[in-house]
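Since the model is a prediction, treat every value here as computed from it, not as a measurement.
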Amino acid sequence: MVKSLDKKWKELLFSASGLGPNLLMVLMGAYFTDAINPAALGENSFQAITGTCLILPAIFPILWTIAKAFDGIVDIPLASITDNLSTKWGRRRPAIAIFLVPMIISYAMCWIPVGGDNQLVNTIWIVCWALLFFTCYTMNLVAFYGSFATVCVNEKQRLNVSSYKAFFDTISYCIVYALVPLFLDIFKLHIDKFALICLPLMLTMVIPLFMIKEGEKYGFPELKDGKSERIKIKESLRLTFGNKMFTTWILVNCCSFFGLQMFLVGMNSMIIGGMGMSGTEMAIFNTSAFGPVPVMLYLFNKLKQKKGIRFTFQTCLISFALAILSFDAASLYIMGENNKTLQMVIGISGGLLGSWAIGAFFMMSYLVPAQIAGVEEKITGKNHSAMYFAAQAVTTSIVGAVASSLVYENIKMLFISKEASGVVYAESFTDAATEFGVAEAAVFNLGTLLVPIITCATCILGFFVAFKMPKDYSPEAIAKSLGHNSDSVKDSENEKEEGETLFVQIALTILSGFIFGFIWTAILSGYIKRITEKFCRVRYFIISCIIPFASVATNIIAHKKLEEKAKELDINLTGSKALYIITGIFFPILPLNIIGLSVMQYDINKILKAKYE
């Protein structure tokens, strides 16, 4: 067998292959429907393409649901194609190479509605290009994921690659949900322009073309004795959906994914519209949620070793169910105006609680299908690993389409008011206020209040369904579920070490919130320089990011500079010398001291508001 990932750095690089396409898909999921129909965003948001609805709000959710469902359904035939493809270049690489360019072009076209104010033209245009994009994206990613089972030689390597992949997903979510709102506000850039600027990131999908060792040159994995090994689509589906261990995972995953998808697509509206936060404040909330994820995932793997994967994943479902309710607790509907500090505390606390679950949601979706497919191939000799990912994708696509399009896109058009009874369907806060006969400030979007409740309910449902999962997805357990003796996988699969290797632990640390922390620290230093004028931002950045505990001193210096300006503007700062000393000592995960950075960002926002408004 030719080993594609024979070096540790290759595991890391291979895992980064889907970073670009995944990031841009997450960007689309998070911002696109609100960008073309900003009903829940309020006025003058940079997260909208324009200030008006570009599509038909009554028809688009239905067509978008169909398109998203198609995205899942098309996974099945495309997975069968890449599982059975036999060329001199291999089975996975040609699929990636052929569909890469159309994927990039079709994604760009989705963000360029050509109909102007013609909602019907824009609706048709967007849906048609989306269908092409989803098809090309699916083929690229299904082929890439399908290679996991053979590129990774044992359970340990599949765990490493799945963990790395989850970390890169975390980086994607950090960028999309924490940094993008910040960038849009700072650079006065609309979301469609930002999406087009990010298009070159799609080229990370070129990496597998050089790393997957298959084809005529290697004779592996698609060629056996000079002949192609083929599994008909019917048999592949029978083997996939006939695997009880896999179908149980699908049920659990669908429960959590329904709520997760609705939460992700509605997060911007919940924070900006429902909580009345700015893009910068939104970045703080999302940092608390996504920044700690890789560290949480490291702890997840440790707990999994002691208690099993079922118990550990159930704790994730419960923590996310509770965390999501913070969006309602901190909403303007509950808290009212002028309670921003308490809103920040609730939001950050909820984000930290939810971060325990987010990384696990990412990792499990790679680990379970790859592990089952890899063990099955070793036992039966049948390689149809892409079909497992396709089966997972088709179910989550349908569930996600219903959650994010059919349900969310309709409930976000509902508005309520404390000053008037009933619920109205409207395209904006202004229209809803007119129907209620009240001031616009007295109107609240009902959809942003319902999303946390629905998400909580689906996660709790997933918790109970998870009792049907095996304690662990070990090679022995999978072999037993397939009706084989566990001895058949002992020699090839049981190369497990106790815990992760030192390299993996170092990588987990580097890929934790540090990456986002570097960026946030740089942004903060720029703001301080802008406010105080005499401030060495380069020195502040280097010392804060590199020297352990040095941020205690640098943050005190920065706070003193800000305090001088605050006195001129007659503003009381939230931060204090004691706070930066305590957090700097007890949270030495530099530069991501979430509490210290959050408080300083909040104080900076207060000064900027007083200075320029």
Check: Are the aromatic rings of Tyr31 and Phe194 close, with centres under 6.0 Å apart?
Finding: no
Note to self: Let's go through Thr204 and Leu23 carefully: what are the C-alpha distance in whole Å and the side-chain angles of both, what is the deciding distance for side chain to side chain contact (heavy atoms under 4.5 Å, CB included) to 0.1 Å, and is it a yes or a no?
What the structure shows: CA-CA 11 Å; Thr204 60; Leu23 188 149; over 6 Å; no
Next item on the list: Take Leu63 and Thr123 through the side chain to side chain contact (heavy atoms under 4.5 Å, CB included) test and state the conclusion after the steps.
Entry: CA-CA 8 Å; Leu63 295 179; Thr123 298; 3.7 Å; yes
Margin query: Please report the interatomic distance CD1(Ile36) to OG1(Thr52), rounded to the nearest 0.5 Å.
Written below: 11.5 Å
Check: How about Ile126 and Ile55: do any of their side-chain heavy atoms sit closer than 4.5 Å?
Finding: yes
Check: Are the side chains of Leu141 and Pro21 in touch, meaning some heavy atoms are under 4.5 Å apart?
Finding: yes
Check: Hey, is the main chain of Met275 close enough, under 3.5 Å, to the side chain of Gln343 for a donor-acceptor pair?
Finding: yes
Check: Are Tyr388 and Val368 close enough, and set up right, to give a side chain to side chain contact (heavy atoms under 4.5 Å, CB included), and what steps lead you there?
Finding: CA-CA 9 Å; Tyr388 280 102; Val368 174; over 6 Å; no
Checklist line | Donor-acceptor pair, side chain of Gln261 and main chain of Val399, under 3.5 angstrom | finding: no
Note to self: Within this structure, what is the OG1-CG distance for the pair Thr135 and Asn140, rounded to the nearest 0.5 Å?
What the structure shows: 11.5 Å
Check: Per the side-chain contact (heavy atoms from CB on, under 4.5 Å) rule, which among Val451, Val402, Thr65 passes with Val407?
Finding: Val402
Margin query: Could you walk me through whether Met202 and Leu24 satisfy the side chain to side chain contact (heavy atoms under 4.5 Å, CB included) test, starting with their C-alpha distance in whole Å, then the side-chain angles of each, then the deciding distance to 0.1 Å, before giving a yes or no?
Written below: CA-CA 8 Å; Met202 288 274 195; Leu24 290 173; 3.5 Å; yes
Next item on the list: Answer with yes or no whether the side chains of Tyr137 and Asn22 bring together a donor and an acceptor at under 3.5 Å.
Entry: yes
Check: Do the non-hydrogen side-chain atoms of Ile59 and Leu120 ever get within less than 4.5 Å of each other?
Finding: no
Next item on the list: Check whether any side-chain heavy atom of Met25 lies under 4.5 Å from a side-chain heavy atom of Tyr107, and answer yes or no.
Entry: no
Margin query: Check whether Trp129 reaches the backbone of Ala108 with its side chain - one donor and one acceptor, N or O, closer than 3.5 Å.
Written below: no
Check: Where is the tightest heavy-atom contact between Ala391 and Thr240, given as atom of each residue plus distance?
Finding: CB-CG2, 3.6 Å
Check: For the residue pair Phe320 and Cys459, what are the closest heavy atoms and their distance?
Finding: CD2-SG, 3.7 Å
Margin query: Can a donor-acceptor pair be found, under 3.5 Å and without considering hydrogens, that links the side chain of Trp111 to the backbone of Ile49?
Written below: no
Checklist line | For Pro113 against Cys110, the heavy-atom pair lying closest together | finding: CD-O, 4.4 Å
Notebook entry, point to check: Tell me, do Leu78 and Thr138 make a side-chain contact under 4.5 Å, heavy atoms counted?
Noted result: yes
Note to self: Whether Lys418 engages the ring of Tyr333 as a cation-pi pair (distance to the six-membered ring centre under 6.0 angstrom, angle to the ring normal within 45°) should be assessed.
What the structure shows: yes
Next item on the list: Can you sort out the partners of Ala432 under side-chain contact (heavy atoms from CB on, under 4.5 Å), two or more places apart, ordered by chain and number?
Entry: Phe415, Val424, Ala426, Val443
Notebook entry, point to check: Is there side-chain contact between Thr455 and Phe327, with heavy atoms separated by less than 4.5 Å?
Noted result: no
Item checked: Expected output: side-chain Asn122 to main-chain Gly116 donor-acceptor under 3.5 Å -> yes
Check: To the nearest 0.5 Å, how far apart are CG in Asp169 and CD1 in Ile358?
Finding: 12.0 Å
Item checked: Check: Ser80 side chain, Pro77 main-chain N or O, donor-acceptor pair, under 3.5 Å -> no
Note to self: Looking at every non-hydrogen atom in both residues, tell me the closest pair between Pro102 and Cys136 and how far apart they are.
What the structure shows: CB-SG, 3.5 Å
Item checked: Closest heavy-atom pair and its distance - Phe99, Met139 -> CD1-CG, 3.4 Å
Check: Once you round to the nearest 0.5 Å, how far does OG of Ser417 lie from CZ of Phe429?
Finding: 11.5 Å
Item checked: Aromatic plane relationship, Phe144 with Phe14 - under 30° parallel, 30 to 60° tilted, over 60° perpendicular -> tilted
Note to self: Using side-chain heavy atoms (C-beta onward) and a distance below 4.5 Å, is Leu446 in contact with Ile411?
What the structure shows: no
Item checked: Thr50 vs His190 side-chain heavy atoms within contact, under 4.5 Å -> no
Next item on the list: Please report the shortest heavy-atom distance between Leu184 and Gln47, naming the atom on each side.
Entry: CD1-CG, 3.8 Å
Margin query: Taking side-chain contact (heavy atoms from CB on, under 4.5 Å) as the definition, give me every residue that meets it alongside Leu239, ordered by chain and number, with sequence neighbours left out.
Written below: Glu235, Glu376, Lys382, His384
Note to self: Can you tell me how the ring of Phe60 sits relative to the ring of Trp64, calling it parallel under 30°, perpendicular over 60° and tilted otherwise?
What the structure shows: parallel
